Amino acid sequence: MNNLDKKPDIDLVRDFHSVWHPCTQMQDHETVPPLLIERGEGVYLYDRDGKKYLDVISSWWVNLFGHNHPRLNEALKRQLEKVAHVMFAGITHQPAIDLASNLVELSPHNLQKVFFSDNGSTAVEVAVKMSLQYWQQTGHAEKTRFAYLKGGYHGETLGALSLCGLDLFRKNFENVLMQNLEVQGPDCFRCPYGLQPESCNAECFEPMEKTLAEHKDTLAGVIVEPLVQGAAGMKMYPPRYLKKLEVACKLHNVHTLYDEIAVGFGRTGSLFVCGEHKLNPTFLCLSKGITSGYLPLAATLTTDEIYSAFYGDFSTLKLFIHSHSYSANPLACAVANETLAMLTENNFLKTLQPKIKALGEYGKRLEQLEWCGEFRQTGMIAAAELVQNRETKEPFPFEARVGYRIFLEGLKRGVFMRPLGNVIYFIPPLVISVEEIKMMMDVAVDCIKAVVEEKN
Ligand SMILES: *Cc1c(COP(=O)(O)O)cnc(C)c1O
């Protein structure tokens, strides 16, 4: 196993003493300590012993251009020589001004204003609070609830968690969450209508249509992860659903909140899903890839109409009172500007096409495994949902820890892939090569076989 065979590193002992890691049953680290990563280079991470690991999930979906990238390093150093941080009320700076205008230019034309914060959850909180206050200030104080999709994930602070359609994250806090409306959304693998995503007409929009019609008077907005529900296990659905959503929300006077925190910045093959499909959300939440995984930063984009409802004489007290100490951190903004330049120069997104093709082609090996219930792909994101029985789609039991054991097999083979339950997924840095994609898929097949053929 990775670093079990020898005496544990003293720093790993110290880690175990003092560190509480996110989303981790700490007891697991009694037997399998975390990787002690010393450096990164391109798509690889290197541990203290020099062993390298392919960063298959882009360090929690944030990294686009690989680790230790000379251009991003340079942009960061240039800004570091000037100023590392200043508050963002009463003060502004060039990196933020550039970033806001870049984001406005690259996003759908209806989005004209950018509000900065420092992580994905806060980007969502900002959109939610802006939406609520907008309705209050325009004579609709009764609009206080949001509709969200089953399986949706929008962060884990309490406000964001109130929009989360995953029991695993919610259940311990259910008693204190905002009273929002959970709506059955797309579920293409287990489609209740028995249809195929290639040919359906997003019949699954029906429950949302009903919710909107019935609750429009109290609904402030609808939040979705466009095309890919990440934390649900990279569940994917066709853009038709989003077109219907946009039409219905307009009709019923309800805001659309697009959470492109995971799918934005090239992951689907285009810069933003909403731009690619000509959608005009009321709010667009961005984070993760915005700094290519260098520093925490987030942006909530919105329309002039929303902005105008807050604009006026100071005595009206219509301002948006929301602030984070590290809003628009200059170092982060500088790296974000460089990231955007790299994404938009030299037809970078076009260079993804052969990789997207390779992901699908080598993914076929996974698809052919008898435990692969579904192999799915949207651009540079791919996932294999493992099941016990392909016919009935019966999942592996929770207790078997199939995903976790596959993760451990991956570590042995120098691939860091951290599954979501029994979904093995791939969201590699965009700079991964076709050869590395092949290697990643081959290793995934080996790991799955090693675990499942062992017999649970
Ligand atoms: C990761 C994620 C968030 C939360 O971002 P954090 O920076 O982890 O708070 C919100 N929405 C989506 C879709 C995400 O993938």
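From a predicted model like this one, the values you see are computed outputs, not experimental measurements.
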Asker: Distance-only, no hydrogens or angles: does the Asn180 side chain make a donor-acceptor pair with backbone N or O of Phe146 under 3.5 Å?
Answerer: yes

Asker: Would you name the heavy atoms of Cys285 and Ala123 that are closest together and state the gap between them?
Answerer: SG-O, 3.5 Å

Asker: Hey, would you say the His21 and His29 ring centroids sit under 6.0 Å apart?
Answerer: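 Under 6.0 Å, so yes.
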
Asker: Among residues at least two apart in sequence or on other chains, which ones pass ring-ring contact (aromatic ring centres under 6.0 Å, His included) with Trp135?
Answerer: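 Partners of Trp135 under the ring-ring contact (aromatic ring centres under 6.0 Å, His included) test: His140, His255.
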
Asker: Is Lys143 paired with Asp217 through a side-chain N to carboxylate O contact shorter than 4.0 Å?
Answerer: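 Salt bridge flag = no for Lys143 with Asp217.
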
Asker: Any chance CD of Gln179 has more than 12 other-residue heavy atoms, nucleotides or ligands included, within less than 6.0 Å?
Answerer: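 Not buried by this count: 12 neighbours or fewer within 6.0 Å.
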
Asker: Measure the spacing between CG of Leu297 and CD1 of Ile290 and express it to the nearest 0.5 Å.
Answerer: 4.5 Å

Asker: Applying ring-ring contact (aromatic ring centres under 6.0 Å, His included), name anything that partners His324, two or more places apart in sequence or on another chain.
Answerer: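 Per chain and number, His324 pairs via ring-ring contact (aromatic ring centres under 6.0 Å, His included) with His322.
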
Asker: Kindly determine whether Asn329 and Asp118 satisfy side chain to side chain donor-acceptor pair (under 3.5 Å), including the steps that lead there.
Answerer: CA-CA 8 Å; Asn329 172 262; Asp118 51 18; over 6 Å; no

Asker: Provide the closest heavy-atom pair for Phe375 versus Leu359 in the form atom of the first, atom of the second, distance.
Answerer: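 Looks like CZ-O, 3.8 Å.
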
Asker: Determine yes or no for a side-chain-to-main-chain donor-acceptor pair under 3.5 angstrom, with Thr256 supplying the side chain and Glu246 the backbone.
Answerer: no

Asker: Please confirm whether the ring centroid of Phe426 lies under 6.0 Å from the ring centroid of Tyr362.
Answerer: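 Ring centroids of Phe426 and Tyr362 are no less than 6.0 Å from each other.
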
Asker: In the structure I gave you, are the side-chain heavy atoms of Cys200 and Arg240 within less than 4.5 Å of one another anywhere?
Answerer: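 The answer is yes; the side chains approach within 4.5 Å.
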
Asker: Among all residues two or more places apart in sequence or in another chain, which pass the salt bridge (Lys or Arg N to Asp or Glu O under 4.0 Å) test with Lys210?
Answerer: Glu206

Asker: Identify the heavy atoms of Leu64 and Ser292 that sit nearest to each other, and give their distance.
Answerer: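 Here Leu64 and Ser292 meet closest at N-OG, 3.2 Å.
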
Asker: Does Tyr46 have its ring centroid less than 6.0 Å away from the ring centroid of Tyr53?
Answerer: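 Centroid distance Tyr46-Tyr53: not below 6.0 Å, so no.
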
Asker: Please name all residues satisfying side-chain contact (heavy atoms from CB on, under 4.5 Å) with Glu435, sequence neighbours left out, ordered by chain then number.
Answerer: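 For Glu435 the side-chain contact (heavy atoms from CB on, under 4.5 Å) partners, ignoring immediate neighbours, are Ser433.
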
Asker: Ignoring hydrogens and geometry, is there a side-chain-to-backbone donor-acceptor pair from Lys51 to Lys412 under 3.5 Å?
Answerer: yes

Asker: With a 3.5 Å distance limit and no angle check, can you tell me whether Thr291 reaches the backbone of Leu295 through a side-chain donor-acceptor pair?
Answerer: yes

Asker: Mark yes or no for whether Arg39, through its side chain, and His67, through its backbone, hold a donor-acceptor pair below 3.5 Å.
Answerer: no

Asker: Once side-chain hydrogen bond (donor to acceptor under 3.5 Å, both in side chains) is applied, do any residues pair with Ser107, and if so which ones, sequence neighbours excluded?
Answerer: none

Asker: Walk me through it: do Glu156 and Ser121 pass the test side chain to side chain donor-acceptor pair (under 3.5 Å)?
Answerer: CA-CA 6 Å; Glu156 289 166 60; Ser121 307; over 6 Å; no

Asker: Rounded to the nearest 0.5 Å, what's the gap from CG on Leu227 to CZ on Arg267? Could you check?
Answerer: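 Result: 15.0 Å between the selected atoms.
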
Asker: Among pairs that include at least one residue of residues 338-356, which meet side-chain hydrogen bond (donor to acceptor under 3.5 Å, both in side chains), considering only residues two or more places apart or in two chains?
Answerer: Arg71-Glu338, Arg71-Glu345

Asker: Run Tyr294 and Asn63 through side chain to side chain donor-acceptor pair (under 3.5 Å) and show every step you take.
Answerer: CA-CA 8 Å; Tyr294 265 57; Asn63 194 295; over 6 Å; no

Asker: How would you list, by chain and number, every residue that makes a salt bridge (Lys or Arg N to Asp or Glu O under 4.0 Å) with Lys113, sequence neighbours excluded?
Answerer: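 If we apply the salt bridge (Lys or Arg N to Asp or Glu O under 4.0 Å) test to Lys113, skipping adjacent residues, the hits are Asp304.
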
Asker: What do you reckon, is CD of Glu305 surrounded by more than 12 foreign heavy atoms closer than 6.0 Å?
Answerer: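 Count not over threshold, so no.
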
Asker: Mind checking side-chain hydrogen bond (donor to acceptor under 3.5 Å, both in side chains) for Glu394 and listing every partner two or more places apart, or none if nothing turns up?
Answerer: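 So Glu394 forms a side-chain hydrogen bond (donor to acceptor under 3.5 Å, both in side chains) with Gln388.
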
Asker: Which heavy atom of Cys249 sits nearest to which heavy atom of Val222, and what is that distance?
Answerer: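 Distance-wise, the nearest heavy atoms are SG-CG2, 3.8 Å.
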
Asker: Is Lys52 close enough and on-axis enough to Tyr44, meaning under 6.0 Å and within 45°, for cation-pi?
Answerer: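 Yes, cation above the ring, under 6.0 Å and within 45°.
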
Asker: Compute whether any side-chain donor of one residue and acceptor of the other, for Asp55 and Ser59, lie under 3.5 angstrom apart.
Answerer: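 Yes, a side-chain donor-acceptor pair sits under 3.5 Å.
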
Asker: Only counting residues at least two apart or in another chain, list the ones meeting salt bridge (Lys or Arg N to Asp or Glu O under 4.0 Å) with Arg145.
Answerer: none

Asker: Is a side-chain donor-acceptor pair under 3.5 Å present for Asn337 with Asn102?
Answerer: yes

Asker: Quick check on the 6.0 Å ring-centre criterion: do Phe88 and Tyr326 meet it?
Answerer: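 No: the rings miss the under 6.0 Å criterion.
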
Asker: So, taking the atom named CG in Leu181 and the one named OG1 in Thr211, what distance separates them when rounded to the nearest 0.5 Å?
Answerer: 6.5 Å

Asker: To the nearest 0.5 Å, what is the distance between CG on Leu352 and CZ on Phe348?
Answerer: 5.0 Å

Asker: If we ignore hydrogens and angles and just use 3.5 Å, is the side chain of Thr303 paired with the main-chain N or O of Leu111 as donor and acceptor?
Answerer: no

Asker: Mark yes or no for whether Asn201, through its side chain, and Glu203, through its backbone, hold a donor-acceptor pair below 3.5 Å.
Answerer: no

Asker: CE/Met178 to OG/Ser162 distance, rounded to the nearest 0.5 angstrom?
Answerer: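 Going from CE on Met178 over to OG on Ser162, the span is 5.5 Å.
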
Asker: What residues form a salt bridge (Lys or Arg N to Asp or Glu O under 4.0 Å) with Glu105, not counting sequence neighbours?
Answerer: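 With sequence neighbours excluded, Glu105 shows a salt bridge (Lys or Arg N to Asp or Glu O under 4.0 Å) to no residue whatsoever.
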
Asker: Run the ring-ring contact (aromatic ring centres under 6.0 Å, His included) test against Phe116 and tell me which residues pass, sequence neighbours left out.
Answerer: none

Asker: Show your reasoning for whether ring-ring contact (aromatic ring centres under 6.0 Å, His included) applies to Tyr258 and Phe272.
Answerer: CA-CA 10 Å; Tyr258 264 45; Phe272 300 119; over 10 Å; no

Asker: Could you tell me the separation between the CG atom of Leu411 and the CD1 atom of Ile406, rounded to the nearest 0.5 Å?
Answerer: 12.5 Å

Asker: Salt bridge or not between Lys393 and Glu385? Use side-chain N to carboxylate O under 4.0 Å.
Answerer: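 A salt bridge is absent here (no side-chain N lies under 4.0 Å from a carboxylate O).
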
Asker: Minimum heavy-atom separation for Ser58 and Pro428, please, with both atom names.
Answerer: OG-C, 2.9 Å

Asker: Can you tell whether the side chains of Glu409 and Arg413 come within less than 4.0 Å, N to carboxylate O?
Answerer: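 A salt bridge is present here (some side-chain N lies under 4.0 Å from a carboxylate O).
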
Asker: When you compare the side chains of Tyr237 and Asp187, does any donor N or O come within less than 3.5 Å of an acceptor on the partner?
Answerer: no

Asker: Checking Lys235 side chain against Pro186 main chain: does a donor-acceptor pair fall under 3.5 Å?
Answerer: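 Flag not set: sc Lys235 to bb Pro186 has no pair under 3.5 Å.
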
Asker: Kindly say whether Met234 contributes a backbone atom to a donor-acceptor pair with the side chain of Arg376 at under 3.5 angstrom?
Answerer: yes

Asker: Holding to ring-ring contact (aromatic ring centres under 6.0 Å, His included), I want the full list of residues that pass it with Tyr148, two or more places apart in sequence or in another chain.
Answerer: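 Applying ring-ring contact (aromatic ring centres under 6.0 Å, His included) to Tyr148 gives none.
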
Asker: So, the side chain of Thr302 versus the backbone of Thr282: is there a donor-acceptor pair under 3.5 Å, distance only?
Answerer: yes

Asker: Between Thr157 and Glu125, is any side-chain donor less than 3.5 angstrom from a side-chain acceptor?
Answerer: yes

Asker: Taking the six-membered ring of Phe265 as reference, does the cationic atom of Lys288 (NZ for Lys, CZ for Arg) lie under 6.0 Å from its centre and within 45° of its axis?
Answerer: no

Asker: Can you give me the closest heavy-atom contact between Leu257 and Ala127, atom names plus distance?
Answerer: CD2-CB, 3.9 Å

